[in-house]
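Below is one structure; the comments refer to it alone.
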Amino acid sequence: MTAAMNGHRPAAGHRVVIIGAGFGGLFAARALRRAPVEVTIVDRANHHLFQPLLYQVATGVLSEGDIAPPIREVLRRQHNARVLLGEVVDVDLAAREVAFDTLGTRSHLPYDSLIVAAGAGQSYFGHDEFAAHAPGMKTIDDALELRGRIFGAFEMAELEPDPGRRDPWLTFVVVGAGPTGVELAGQIAELSRRTLKDNYRSFDSAQARVVLLEAADKVLAPSPEPLRRRAHRDLERLGVDVRLHTMVTGIDAGGLDTLQDNHTAGRIQAHTKIWAAGVQASPLGAILAQQSATTLDRAGRVSVAPDCTLPDHPEVFVVGDLMQLDHLPGVAEVAMQSGVHAARTITRRLTGDASERPFRYHDLGTMATIARFRAVAYIGRLRVTGITAWLMWLFVHLAFLTGFKNRVAASANWLVAFLGRGRRQRTITQQQILAHTHAAQGSQEALAADPRQPITSRR
Ligand SMILES: Cc1cc2nc3c(=O)[nH]c(=O)nc-3n(C[C@H](O)[C@H](O)[C@H](O)COP(=O)(O)OP(=O)(O)OC[C@H]3O[C@@H](n4cnc5c(N)ncnc54)[C@H](O)[C@@H]3O)c2cc1C
């Protein structure tokens with residue numbers, strides 16, 4: 001089927017196809033709202049996802065709807081834009097056509113300009129078998145899966161009379177101490193010490209153990225030294241067991257094998273493991289590289305010209321996490337600004353201005369929150385920590401959350417979670433409980449037969 005022939009095309013004009021409605025794609029689409037173009041945005045999800053708050057969905061603070069408004073709702077008033085649901089599987093640069101699949105049906109979409117904003121997924125550094133035991137944190141599916149595992153683990157702990165068998169249910173291991181890992185570990189610690197207090201009768205939820213594993217020698221590696229130290233200290237104050245120089249060598253249903261300082265092997269028995277360690281750019285990058293003179297970096301990101309276009313293909317832009325330009329970081333602000341840059345370049349060209357303008361990134365700062373009232377931020381040379389940084393974090397995230405209704409809903413949930421003690425979004429499905437417990441059952445039997453002393457039983 002050719003989507004352009006479906007009869008629901010906007011009025012004829014320059015055809016801009018945008019792959020992905022994340023920060024890069026959505027900001028590009030919006031920046032084209034007054035341009036004489038017809039925009040088609042194709043995404044495999046029906047929602048725009050605010051990834052920086054995924055960990056709050058996983059830990060019961062926010063609902064999935066708060067951070068994932070439907071793309072077509074966001075663009076409902078933009079009459080030169082339409083939204084199609086589908087997974088882009090091929091781009092033909094010579095024919096200027098994109099192929100995408102929706103529920104087994106292949107469609108083709110011709111373009112005059114193409115913006116590829118397909119982002120990045122999780123990398124398990126060649127150990128994809130870890131994924132089944134330690135989900136990543138990239139999509140709504142991941143966050144809901146983790147929510148099921150986290151709250152399901154506490155339920156299982158309540159049912160387990162044997163302390164040795166209960167411990168792995170109350171041990172939560174986060175792999176990777178970048179911003180996502182730090183935020184997750186902090187939130188799980190706060191959840192167990194604060195939110196779940198007095199909820200269980202056979203154990204004290206504050207006994208839950210949160211372990212943060214990092215192969216490097218520091219947490220929050222890209223941040224300046226004082227902020228890293230502060231984040232490390234805050235995590236330890238929350239009771240997180242931070243282990244640096246620790247590599248994960250194996251993951252199974254019952255726990256993880258580790259290697260500390262390159263020589264000390266260890267094992268942590270834990271039913272809930274979370275992978276927050278690496279990223280791998282969308283496979284669409286390799287498809288573009290096969291047909292053009294561009295190269296990919298180690299994470300699969302596409303090297304682009306200074307104006308974010310593919311070499312020899314000025315009509316194709318690559319933006320956001322999929323783009324490799326001047327070693328810019330994979331952050332939301334880069335994606336938004338590069339998406340807008342691509343849109344403005346297309347608009348300028350249509351007015352006859354073919355001059356090349358390089359993309360200039362304006363760094364507005366970086367921040368990470370560790371728990372309630374604890375955050376670290378740096379904006380240019382300004383370094384901020386503690387409650388001031390936390391309030392800044394709150395304000396910035398509210399400002400960038402898409403849609404007024406989502407901001408209201410998130411504010412209400414934050415009031416409940418941060419000023420009060422509760423977290424409203426703790427619903428898990430029976431299906432999740434069953435999947436989690438079946439996976440763990442096998443490992444419980446293995447644990448009983450294991451002659452090694454599990455670390456979690458040595459407390
Ligand atoms: C857990 C987490 C926390 C983060 N925290 C922060 C933070 O605090 N601050 C910060 O600045 N950045 C943060 N980031 C990074 C930030 O979210 C990314 O840099 C940003 O989302 C990149 O935008 P993008 O548009 O390039 O890609 P994405 O936002 O990933 O969007 C890609 C879109 O493309 C779609 N897509 C992918 N492949 C296909 C395909 N084949 N066909 C159709 N559609 C496709 C996806 O469904 C998605 O909608 C975080 C990321 C994660 C995962």
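Counting convention: from 1, in listed order, for ligands and their atoms alike. Atom set for the values below is all heavy atoms of this structure, side chains included, hydrogens, waters and symmetry mates excluded.
Using a 4.0 Å cut-off between heavy atoms, Thr180 contacts ligand 1 through its side chain alone, with no backbone atom that close.
Of all atoms in ligand 1, numbered sequentially from 1 with element shown, those under 4.0 Å from a heavy atom of Gly330 are 15 (C), 19 (O). Counting the atoms of ligand 1 from 1 in the order shown, those under 4.0 Å from a heavy atom of Gly320 are 26 (O). Heavy-atom proximity to Gly20, at under 4.0 Å, picks out these atoms of ligand 1: 33 (C), 34 (O), 35 (C). Atoms of ligand 1 lying under 4.0 Å from any heavy atom of Gly86, numbered from 1 in the order shown and given with element: 42 (N), 43 (C). Those atoms of ligand 1 with a heavy atom of Ala117 less than 4.0 angstrom away are 32 (C), 33 (C), 34 (O). The atoms of ligand 1 that sit less than 4.0 Å from any heavy atom of Lys138 are 53 (C).
Ion pairing between Asp142 and Lys138 fails under the 4.0 Å rule for side-chain N and carboxylate O.
Geometrically, Arg407 does not engage Phe404 in a cation-pi contact, judged by NZ or CZ lying under 6.0 Å from the ring centre and within 45° of the ring axis.
Ring geometry for Phe359 versus Tyr361: interplanar angle of 30 to 60°, hence tilted. Using cut-offs of 30° and 60° on the angle between ring planes, the pair Phe23 and Phe27 is tilted. Note: Trp169 and His271 have tilted aromatic rings, judged against thresholds of 30 and 60 degrees for the angle between ring planes.
Not a single heavy atom of Gly121 lies less than 4.0 angstrom from ligand 1.
Between His127 and Tyr124, the ring centre distance reaches or exceeds 6.0 Å. Taking the six-membered ring for Trp and the full ring otherwise, the centers of Phe400 and Phe395 sit at least 6.0 Å from each other. Remark: aromatic rings of Trp414 and Trp390 are distant, center separation not under 6.0 Å.
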TODO: Could you give me the CA-CA distance, side-chain angles and deciding distance for Val173 and Thr272, then say whether side-chain contact (heavy atoms from CB on, under 4.5 Å) is met?
DONE: CA-CA 6 Å; Val173 183; Thr272 313; over 6 Å; no
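For atom 40 (C) of ligand 1, the nearest non-hydrogen atom of the protein is Val88 N, 3.6 Å. Closest to atom 14 (N) of ligand 1 among all protein heavy atoms lies Pro52 CG, 4.2 Å. The nearest protein atom to atom 18 (C) of ligand 1, hydrogens excluded, is given as Asp321 OD2, 3.4 Å; this is a heavy-atom distance. Closest to atom 23 (O) of ligand 1, if we only count protein heavy atoms, is Ala335 CB, 3.3 Å. For atom 37 (C) of ligand 1, the closest non-hydrogen atom of the protein is Ala118 O, 3.1 Å. In this structure, the protein non-hydrogen atom closest to atom 17 (O) of ligand 1 is Gln51 OE1, 3.0 Å. The closest protein non-hydrogen atom to atom 46 (C) of ligand 1 is Asp43 OD1, 3.5 Å. What sits closest to atom 53 (C) of ligand 1 on the protein, heavy atoms only, is Met137 O, 3.3 Å.
Looking at Phe23 next to ligand 1, an N or O pair under 3.5 Å apart turns up. The N/O atoms of Ala332, backbone and side chain alike, include one that comes under 3.5 Å of an N/O atom in ligand 1. Checked by distance only, ligand 1 and Glu183 stay at 3.5 Å or farther apart across all their nitrogen or oxygen atoms.
Counted by atom type alone, Gln337 and His341 present zero donor-acceptor pairs between their side chains at under 3.5 Å.
Scanning both residues, Gly285 and Val302, for their nearest heavy atoms gives CA-CG2, 3.5 Å.
Checking Gly339, Gly119, Ala143 against atom 27 (O) of ligand 1, the nearest heavy atom belongs to Gly119.
Met392 CE: more than 12 foreign heavy atoms inside a 6.0 Å radius.
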